[in-house]
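Reading through the structure tokens given below for one structure.
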Amino acid sequence: IMCASAKYNTRGPALIPRMKTKHRIYYITLFSIVLLGLIATGMFQFWPHSIESSSDWTVEKRSVHDVPVIKLPADSPIPERGDLSCRMHTCFDVYRCGFNPKNKIKVYIYSLKKYVDEYGTSVSNTISREYNELLTAISDSEFYTDDVNRACLFVPSIDVLNQNALRIKETAQALAQLSRWDRGTNHLLFNMLPGGPPDYNTALDVPRDRALLAGGGFSTWTYRQGYDVSIPVFSPLSGEVDLPERGPGPRRYFILSSQMALHPEYRLELEALQAENGESVLILDKCTNLSDGVPAVRKRCYKNQVFDYPQVLQESTFCVVLRGARLGQAVLSDVLQAGCIPVIIADSYILPFSEVLDWKRASVVIPEEKMPEMYSILQSIPQRQIEEMQRQARWFWEAYFRSMKAIALATLQIINDRIYPYAAISYEEWNDPPAVKWSSVSNPLFLPLIPPQSQGFTAVVLTYDRVESLFRVITEVSKVPSLSKLLVVWNNQNKNPPEGSLWPKIRVPLKVVRTAENKLSNRFFPYDEIETEAVLAIDDDIIMLTSDELQFGYEVWREFPDRLVGYPGRLHLWDHEMNKWKYESEWTNEVSMVLTGAAFYHKYFNYLYTYKMPGDIKNWVDAHMNCEDIAMNFLVANVTGKSVIKVTPRKKFKCPECTAIDGLSLDQTHMVERSECINKFASVFGTMPLKVVEHRADPVLYKDDFPEKLKSFPNIGSL
Amino acid sequence: MQTRKKYIFLTFLASWLLLFLFGGDQLRRFSFFSGRKAEARRNWPRWTDRSLLKSFADTEELQRDGDPSLLSPRERRAAWLSVYGSSRCRMETCFDFSRCEKHGFKVFTYPQEQGQPVSETYGKILSSIERSRYHTANAEEACLFILSIDTLDRDHLSGQYVRNVDEKIRSFPLWNGGRNHLIFNLYSGTWPDYAGDVGFDIGQAMLAKASFDTQSFRPGFDISIPLFSKDHPQRGGDRGWLSQDSVPPKKKYLLVFKGKRYLTGIGSGTRNALHHIHNGKDIISLTTCKHGKDWEKHKDTRCDKDNIDYERFDYQELLHNSTFCIVPRGRRLGSFRFLEALQAACIPVLLSDGWELPFSEAIDWGKAAVVGSERLLLQIPSAVRCIHPERVLAFQQQTQFLWDAYFSSVDKIVHTTLEIIKDRLSPHRSRSRFLWNALPGGLLVLPDFSTHLGDFPFYYLQHGYSPSRKFTAFIRAVSQAGSLSQPILRLIQAVSGSQYCAQIVVLWSCEKPPPSSGKWPQTAVPLTVIQGRRQLSHRFFPFEAIQTDAVLSLDEDTSLSTSEVDFAFLVWRSFPERIVGFPTQSHFWDPEQGRWGYTSRWTNELSIVLTAAAFYHRYYHSLFTEYLPAGLRELVDGLAACEDILMNVLVAAVTKLPPIKVTQRKQHKEAVAQQAECRDRAAGTPPPGQRSPSAPHSAPAEVKGTAGSRRFSQRQNCLNQLAEWFGYMPLVSSQLRLDPVLFKDQVSVLRKKYPSLEK
């Protein structure tokens with residue numbers, strides 16, 4: 001079975017087996033036959049469908065009034081009432097959805113019909129503008145299928161958005177005669193205005209048996225958690241009025257109430273608040289003395305003052321959203337659009353998309369009993385949080401409220417995530433506004449673990465042909481107590497590595513990996529041979545590091561396993577004259593990078609470097625034979641948000657940057673090239689992830705007046 | 001071509017063709033057909049008159065939202081209760097919020113009755129509540145009540161089943177129909193249906209129950225808790241088993257299960273099918289028929305072979321070596337296996353339809369477990385194989401975090417239950433879902449401190465905040481009234497010289513009043529004097545005066561230079577969740593004495609940074625004062641020099657990381673400096689200026705006089721008491737010190753930013 005996720009090659013870049021010529025012919029034949037079969041299948045599968053288009057679905061332009069009319073006999077069956085005990089595992093048929101590599105459910109939409117009763121009176125308006133938009137959105141989405149046999153979820157085209165606009169019994173009969181109704185299994189109904197006078201039920205009253213309900217205005221008693229989906233009440237105003245996003249910050253009013261139909265009891269309490277707190281609280285009501293032609297829905301009044309609605313919402317920090325006859329209120333959408341923080345006062349209300357949205361980040365929920373304390377509760381919210389909530393409110397509107405499309409797709413995604421939970425969208429993806437997604441990091445190694453010392457580290461030496469120097473490095477590194485394996489990456493394809501007997505005899509296993517191409521990225525490949533978490537990348541000419549220094553470096557890495565821990569440090573600077581980044585290798589008081597000519601890091605970053613390096617950086621580095629270390633520094637800083645750790649004092653390194661290009665001396669052109677790398681990478685990453693710090697790590701007793709023989713790492717800093 | 005090969009080849013071909021003919025569904029998704037398909041796809045029509053369609057409701061109707069209904073809000077609330085009764089309780093109908101208003105969230109446990117022994121587990125739960133900071137012994141001020149009757153095991157076939165609970169409960173004057181009561185339960189129902197009811201009328205009480213099913217669960221009211229064994233530790237608890245992060249996961253097995261196969265009865269459907277996915281290679285699914293007395297009666301043909309296979313593998317070995325663990329329902333929905341897998345970092349694959357997952361009100365299980373469907377068991381292997389290796393790593397780490405934050409001890413389970421209830425009382429001062437699911441976890445984040453993530457030391461990176469650029473110097477002064485000592489004057493000068501210093505706050509911990517404002521030195525930054533109490537723990541009180549994220553905690557006789565302060569503050573900004581400071585000490589396990597040892601010698605390691613000179617986040621003041629129970633603070637106040645150890649232990653328990661030591665100049669105050677009380681000083685301790693620095697590596701025990709050794713033994717004693725209270729030793733050792741990049745390098749002094757640190 002195919003996986004959606006890619007399978008990674010863990011073998012190493014080198015080994016491509018050469019097929020025997022004889023076998024190759026078989027494979028080619030096989031391949032061509034397979035290809036033929038494929039084409040044939042394609043014809044077989046798709047030809048019939050495209051000629052089969054029925055009259056319901058002709059592409060030509062049609063009006064909603066031209067749709068077929070269905071007459072419902074008075075005695076046609078009515079579904080059972082909604083079953084309150086329904087859950088996905090009891091009422092939903094998952095077998096219809098199947099296992100599929102994309103982890104997407106398939107949604108079918110019934111074609112539009114006009115339903116009439118025995119006397120020819122229509123059951124409801126054929127379809128509302130919003131429901132048409134919703135169905136169009138589903139039809140245009142990845143979820144859609146036109147094949148009723150492959151569908152996992154069925155959406156009737158019978159419009160039940162507003163219960164007041166339909167006849168309950170007849171609508172139920174219309175549902176029951178849908179071709180795949182089957183007690184409503186896997187059917188999804190969208191309803192925004194449930195209930196009717198006088199008791200206003202909080203869920204659609206149309207009997208619907210096992211159908212799922214995406215409803216606006218659920219209470220905790222009618223909402224079947226994990227089965228129904230709570231959706232917003234769409235506000236058509238948001239299509240008419242353009243409220244540009246307003247930067248967060250203080251606004252003229254602190255609390256605003258803009259609803260027109262409030263229970264007198266609530267209005268009294270609000271007015272009491274206003275009396276107590278004065279001008280910062282504004283309680284608006286409908287206007288009584290508007291001249292003709294002014295739409296009452298776009299105006300609000302306070303005494304004789306007239307305000308534009310919904311623009312006035314942008315003038316307030318908090319906006320009250322009180323329950324009316326129904327729990328779900330369209331004003332919530334207007335309030336969010338205005339970037340006003342909703343203060344939701346509606347006990348037992350299930351907030352829209354509460355299964356995935358964290359409303360605490362965008363709203364304040366106050367129990368009805370605590371209304372008198374509203375002012376002090378809101379006052380206690382820190383200013384910085386208010387600004388974030390304003391941004392968050394606006395983001396919720398943009399992502400999940402602004403159009404019927406947004407509402408439809410969020411609903412389907414929620415159901416999709418229940419069916420394929422292992423591929424579900426995460427909390428962060430649902431809730432973080434783009435600005436946060438952009439500025440935040442989620443460290444893949446987030447658990448604070450100090451890896452056990454016993455694991456040790458694997459030294460990976462990249463070499464080309466400097467055998468003598470390589471052997472010295474091997475001998476030196478092998479003295480480090482925590483070394484557990486040594487891996488030599490032989491990057492020279494023209495020359496064989498020395499014979500086994502010639503290599504230095506060391507106490508740990510030594511493996512040589514031959515590469516297929518002389519590429520710098522070979523040093524960062526996640527070889528299977530690396531069995532430890534810690535990797536020491538070391539060049540074949542770094543012989544000046546003492547065993548104590550390396551061992552100490554490993555100990556420091558254990559305390560910072562998600563960072564690059566290295567010896568020579570470097571810095572990036574902003575060049576104000578040239579208006580770009582500059583690479584600095586002078587002795588500075590700051591570091592932002594360590595060279596990977598000698599650095600410890602987590603093997604995970606090898607995996608990231610090889611498979612997840614953004615843009616074309618990896619190829620660019622291989623082509624230029626330079627800057628692989630800078631790329632690694634960028635990668636780690638970008639994913640963790642943390643600085644490097646430079647260990648131990650400055651040493652005289654033999655131009656470590658030059659090792660990549662043999663023989664090149666540290667000169668101006670080299671520095672220019674390194675600077676270019678920084679600028680290139682910063683533009684690919686879209687940001688400068690490197691962090692500048694002023695510290696380095698030394699042993700606790702470094703240079704302290706204390707007998708050297710009692711120190712754990714005495715031999716540090718010798719030149 | 002050899003004939004045999006030819007046949008193989010042909011079969012191969014034929015199977016390919018078959019696959020294509022019948023696997024057409026899959027193929028249609030291939031991209032090279034999609035272009036064709038889009039044309040053929042019958043989409044929802046673009047109606048010609050779509051722009052003329054009427055809106056589902058006109059704006060007027062939406063805004064007026066019917067007539068203001070006749071029922072007043074209060075009447076409606078009353079109506080709900082009568083309509084839905086206690087079986088559908090919600091906080092707003094069945095919970096009396098007014099009880100919690102005056103005294104806050106206080107929990108009362110009924111006194112133990114004579115002759116009513118409770119089980120070991122219930123005893124642990126009760127003692128967890130009594131250890132909690134919310135416990136009260138006074139029923140008058142209580143907001144939540146916990147019964148003393150053991151209600152954990154309500155299987156009436158069990159030996160621990162308590163009879164006549166109904167009668168007993170009705171005799172309690174505080175019962176009040178169960179209002180504001182919380183009832184714990186681990187097992188309910190019995191053979192054959194294991195129904196969820198607990199066998200007595202709980203009325204309007206909340207139920208904290210294991211194996212909760214979604215149907216009887218009252219959302220926002222009940223709490224689902226995990227099933228835990230009677231050996232579950234009271235406090236502390238073992239760490240998770242994940243010791244290395246590797247991608248791809250280096251485990252021998254992909255998916256394992258070893259357990260009973262029910263031949264009949266509830267739950268047998270899933271358990272009977274588990275053997276189907278066993279492949280003997282990376283998926284090991286072993287079931288035994290042996291359970292109960294009469295298993296042989298129901299024995300089927302598989303049993304004998306299965307039973308033999310079953311013995312070949314060790315459960316613990318499988319747990320340690322697998323990436324995923326199947327956690328199917330047993331007779332009941334929850335099982336011990338769930339917590340075992342969580343601890344083992346074996347990602348739970350749940351096959352328990354309708355199980356309300358533990359603490360699901362707070363915990364986002366989608367980040368730590370694969371919620372499978374019992375009906376789709378056969379898809380599980382391919383589903384878990386397709387989970388991306390990076391996601392597997394994230395799952396594994398999340399299991400460890402959740403285990404350690406909420407499940408590893410009875411204390412944590414009970415305290416999580418209480419915090420979830422407390423959060424409901426004031427939704428505006430509660431933890432967001434993010435807080436519950438990110439390190440360090442909801443229990444350690446106090447919404448009363450702030451609800452803004454940027455005010456805590458933990459979330460800077462995740463949300464793109466950074467800690468404030470200034471710090472508050474917080475000096476605890478105990479010197480004689482009337483005149484200020486030389487050291488404190490020097491200290492104020494040095495600290496106020498720092499470009500990062502926002503303000504200086506002096507905590508005047510003497511009973512005598514502080515010197516008048518004219519006696520204090522003139523400084524560039526504001527200086528505030530607070531009259532403090534003498535208790536040592538008072539220095540960590542969350543004073544309003546502290547306005548910055550960073551606090552530089554100082555003793556009055558600490559000697560620091562401006563450069564030291566500047567450098568340390570910059571380091572702190574890189575590690576805002578840790579304590580960053582100068583003099584350090586360390587702890588070690590003393591195998592001879594069988595207890596924790598403590599040393600202030602110069603050692604190669606450190607685990608405690610003295611708060612006589614240290615930067616830390618101001619949130620730790622709140623955590624110290626609000627989170628730690630009063631008993632611990634009393635302990636600290638009773639011992640002369642323990643408060644800084646407690647602070648270190650607390651921060652280490654929160655971060656699981658060691659503190660950070662930064663460069664200090666040689667003449668730094670000796671670590672053993674007196675935390676002298678005003679009175680001690682009056683009795684003739686030499687003024688700090690004349691104190692000769694003792695040899696740096698002399699142990700405190702060797703310091704002349706008994707005061708030093710008494711202090712030393714008190715600190716050692718303190719360390720052991722804290723380890724006992726926490727249930728483990730939270731302190732973590734570090735082997736490094738952070739120095740300026742060019743520290744003592746052979747470069748010109750002129751190049752160095754902090755030359756004075758090298759003197």
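The model shown is predicted, which means the values in this text are computed figures rather than measured ones. Per chain, numbering begins at 1; letters A, B, ... match sequence-line order.
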*Heavy-atom distances under 4.5 Å only: say whether B:Gln398 touches chain A with side chain, backbone, both or neither.*
both

*asked:* Quick check on the interface: out of B:Ile660, B:Val349, B:Leu393, B:Leu461, who has the most heavy-atom pairs with chain A under 4.5 Å?
replied: B:Leu461

*Please state whether the side chain, the backbone, both or neither of B:Val662 comes within less than 4.5 Å of a heavy atom of chain A.*
neither

*Name the region of B:Gln462, side chain, backbone, both or neither, that has any atom closer than 4.5 Å to a heavy atom of chain A.*
both

*Select one option (side chain, backbone, both, neither) describing which atoms of B:Leu570 are under 4.5 Å from chain A's heavy atoms.*
side chain

*Would you name the heavy atoms of A:Leu710 and B:Asn604 that are closest together and state the gap between them?*
O-ND2, 2.9 Å

_Portion of B:Leu738 that has a non-hydrogen atom of chain A nearer than 4.5 angstrom_ = both

*Take A:Val64 and B:Asp49, measure what side-chain contact (heavy atoms from CB on, under 4.5 Å) needs, and give me the verdict at the end.*
CA-CA 7 Å; A:Val64 290; B:Asp49 48 356; 3.4 Å; yes

*Specify the closest pair of heavy atoms between A:Tyr607 and B:His388, including all atoms of both residues, with the distance to one decimal.*
OH-CE1, 3.3 Å

*Minimal non-hydrogen separation, A:Arg129 against B:Leu53, with atom names*: NH1-O, 3.5 Å

*asked:* Please classify the contact of B:Arg429 with chain A as side chain, backbone, both or neither, using a heavy-atom distance under 4.5 Å.
replied: side chain

*Of the backbone (N, CA, C, O) and the side chain (C-beta and beyond), which part of B:Val370 lies under 4.5 Å from a heavy atom of chain A, both, or neither?*
side chain

*What pairs with A:Leu449 under side chain to side chain contact (heavy atoms under 4.5 Å, CB included), at least two apart in sequence or on another chain?*
A:Leu447, B:Leu242, B:Asp245

*What part of B:Arg573 is in contact with chain A, defined as an atom under 4.5 angstrom from a non-hydrogen atom: side chain, backbone, both or neither?*
neither

_Does any backbone or side-chain atom of B:Thr655 lie under 4.5 Å from a heavy atom of chain A? Answer side chain, backbone, both or neither._
backbone

*asked:* Shorter than 4.5 Å, heavy atoms on both sides: which option in B:Gly354, B:Ser426, B:Ala369 has the most such pairs with chain A?
replied: B:Gly354

*Atom group of B:Leu435 that falls short of 4.5 Å from chain A, counting heavy atoms*: neither

*asked:* For a quick test of reading the model, state the closest non-hydrogen atom pair linking B:Val741 to A:Thr588 and the distance between them.
replied: CG1-O, 3.6 Å

*Tell me, side chain or backbone of B:Thr603 under 4.5 Å from chain A's heavy atoms, or both, or neither?*
backbone

*Quick one: do the A:Lys603 and B:Ser246 side chains pair a donor with an acceptor below 3.5 Å?*
no

*Taking the six-membered ring for Trp, are B:Phe567 and A:His695 parallel (under 30°), tilted (30 to 60°) or perpendicular (over 60°)?*
perpendicular

_Test side-chain contact (heavy atoms from CB on, under 4.5 Å) applied to B:Phe434 and A:Asn431, step by step_ = CA-CA 10 Å; B:Phe434 171 82; A:Asn431 289 288; over 6 Å; no

*Taking side chain as C-beta onward, heavy atoms only, is B:Asp455 less than 4.5 Å from A:Pro382?*
yes

_If the threshold is 4.0 Å, N to carboxylate O, is there a salt bridge linking A:Asp159 and B:Lys54?_
no

*Interchain contact, B:Ser733 with chain A, by part (heavy-atom threshold 4.5 Å)*: backbone

*Will you find, in the side chains of A:Glu388 and B:His452, an N or O donor that is under 3.5 Å from an N or O acceptor?*
yes

*asked:* One pair to check against salt bridge (charged side-chain N to carboxylate O under 4.0 Å, His left out): B:Asp745 and A:Arg696. What are the steps and the verdict?
replied: CA-CA 12 Å; B:Asp745 276 354; A:Arg696 71 161 201 247; 3.7 Å; yes

*Checking heavy atoms, do the side chain of A:Thr640, its backbone, both or neither come under 4.5 Å from chain B?*
backbone

*Looking only at heavy atoms, which two atoms of A:Asn162 and B:Glu61 are closest? And how far apart?*
ND2-OE2, 3.2 Å

*chain A heavy atoms under 4.5 Å from B:Thr451: which part of the residue, side chain, backbone, both or neither?*
both

*Grab the two heavy atoms, one from B:Pro219 and one from A:Gln225, that are nearest each other, plus how far apart they are.*
CB-OE1, 3.4 Å

_Minimum side-chain heavy-atom gap A:Leu193-B:Phe56 below 4.5 Å_ = yes

*In terms of heavy-atom proximity below 4.5 Å to chain A, should B:Phe97 be classed as side chain, backbone, both, or neither?*
neither

